[in-house]
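Worksheet: the structure to be examined is printed underneath.
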Amino acid sequence: MIKFGPAGNPEAFYEAGYKHTYQIMAWLHEMGLNAYEYSCGRGVRLKEDTAANIREEAQKYGITVSLHAPYFINLANEDPEKFDKNIEYFAESSAAAKLLGAQRIIFHPGSPSKQERSVAFARCKENFGRMLSIMDEMGNQDMTYCPETMGKVNQLGDLEEIITLVNLDERVLPTIDFGHLHTRGIGAINTPEDFDAIVQRLKDGIGVERTRKMHVHFSKIEYTAMGEKRHRTFDEEGFGPDFAMLAPILVREKMEPTIICESKGTMAKDALAMKQMYQAAL
Ligand SMILES: [Zn+2]
């Protein structure tokens, strides 16, 4: 089943008087949404009882929870000590995901910093392979690790790099952030054909099955010549990409992705707008 939901808690949720993340599950269900991404971007700091409350409410209201791993992950780093830190971030994220009842763990592949891009990506690929084996040994075989397409030109994570990472192991799924692909291409997604080219490339690159159930991030993003600048909302004029162009393709290709909205502050409202565009395309 296709799923829609927000990344984190929107402003409207707090304005309605709520304080705790576990309370958002009933609120999302009431809106007609069925996915939620819990962010550990600034580090994994989740208490066990808090996680249990979130998991119980999510199950009660049929909300599928995913987890965003720390932004500090950089699988391209050449320092072995940094690799040990990466193991910590993956292990903590996996433990938190288990507590939350989440299966998908979304992460950023990393940045080349001073290395040549091809060298950095080769290292990233090798390290991700090692990481998957280490996570298996730690008992995380059931987790689905989802490397994300990134929005800045100098970050690893263009579409081809993500396809390569996904092909390391059949359990890996891509996180296709269409806003990021738009901004790293300096305004690359403007027509239905632009969306279609991405979907067709994925079908060829990782197979139909994994394309159908991929993880998606969608928001409108402002960009500069370096790529991503800041996330915008659907109500703000002049920013792309436009989900209305993607919706008919999702229908035609019988896709069932989990679509997470990362609009600035209005991620639940905009996730619902996407669901409505999808239903209109059905
Ligand atoms: Zn991300």
Side-chain angles (χ1 to χ4, degrees), residues 3-10 21 35-46 64-77 85-86 89-90 92-94 96-97 100 102-112 121 124 127-128 131 143-166 172-185 188-189 198 202 214-223 226-233 239-241 243 257-268 270-271 274:
K3 299 184 182 89
F4 294 90
N9 304 342
T21 295
Y36 177 79
E37 195 149 294
Y38 186 91
S39 179
C40 292
R42 294 191 176 81
V44 182
R45 287 183 297 258
L46 178 64
T64 300
V65 179
S66 50
L67 181 137
H68 200 308
Y71 302 136
F72 327 123
I73 287 171
N74 183 358
L75 292 172
N77 203 300
K85 287 304 277 182
N86 284 324
Y89 300 138
F90 271 86
E92 289 170 352
S93 299
S94 304
L100 290 168
Q103 200 199 358
R104 293 183 176 185
I105 296 175
I106 290 70
F107 71 96
H108 299 173
S111 285
F121 182 67
C124 173
N127 281 340
F128 184 45
M131 189 62 73
M143 289 295 153
T144 305
Y145 299 97
C146 308
E148 179 178 342
T149 57
M150 298 305 298
K152 292 199 177 87
V153 176
N154 59 10
Q155 290 169 307
L156 295 178
D158 64 22
L159 184 61
E160 291 306 318
E161 288 165 344
I162 295 306
I163 286 172
T164 301
L165 293 179
V166 168
V172 177
L173 287 177
T175 300
I176 301 300
D177 188 316
F178 285 96
H180 282 166
L181 290 176
H182 181 62
T183 61
R184 82 171 299 132
I189 306 179
I198 294 166
L202 283 165
M214 68 186 183
H215 204 71
V216 170
H217 282 173
F218 206 105
S219 45
K220 296 192 174 192
I221 309 183
E222 184 181 351
Y223 58 87
M226 301 301 287
E228 175 178 10
K229 186 179 179 193
R230 75 168 74 92
H231 285 229
R232 294 288 186 166
T233 71
F239 304 100
F243 185 81
T258 296
I259 300 180
I260 297 295
C261 185
E262 292 185 318
S263 287
K264 191 181 184 310
T266 58
M267 46 284 213
D270 292 352
M274 286 195 280

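Atoms within a ligand are numbered from 1 in the order they appear, just like the ligands themselves. Along the sequence shown, residues are numbered consecutively beginning with 1. We use all heavy atoms of the structure for the numbers below, so side chains are in, but hydrogens, waters and symmetry mates are not. Because the structure is predicted, anything quoted here is derived from the model rather than measured.
Glu148 has its closest N, O or S atom to the Zn ion (ligand 1) at the position named OE1.
Every residue two or more places apart in sequence or in another chain that forms a side-chain hydrogen bond (donor to acceptor under 3.5 Å, both in side chains) with Thr21 is listed here: Asn9. Considering only residues two or more places apart in sequence or on other chains, Arg104 meets the salt bridge (Lys or Arg N to Asp or Glu O under 4.0 Å) condition with none of them.
Under the 6.0 Å cut-off for aromatic ring centres, Tyr38 and His68 do not qualify, their centroids lying 6.0 Å or more apart.
No donor-acceptor pair under 3.5 Å is formed between the side chain of Thr266 and the backbone N or O of Ser263.
Residue contacts to the Zn ion (ligand 1): His68 brings an N, O or S atom closer than 2.8 Å. The nearest N, O or S atom of His108 is closer to the Zn ion (ligand 1) than 2.8 Å.
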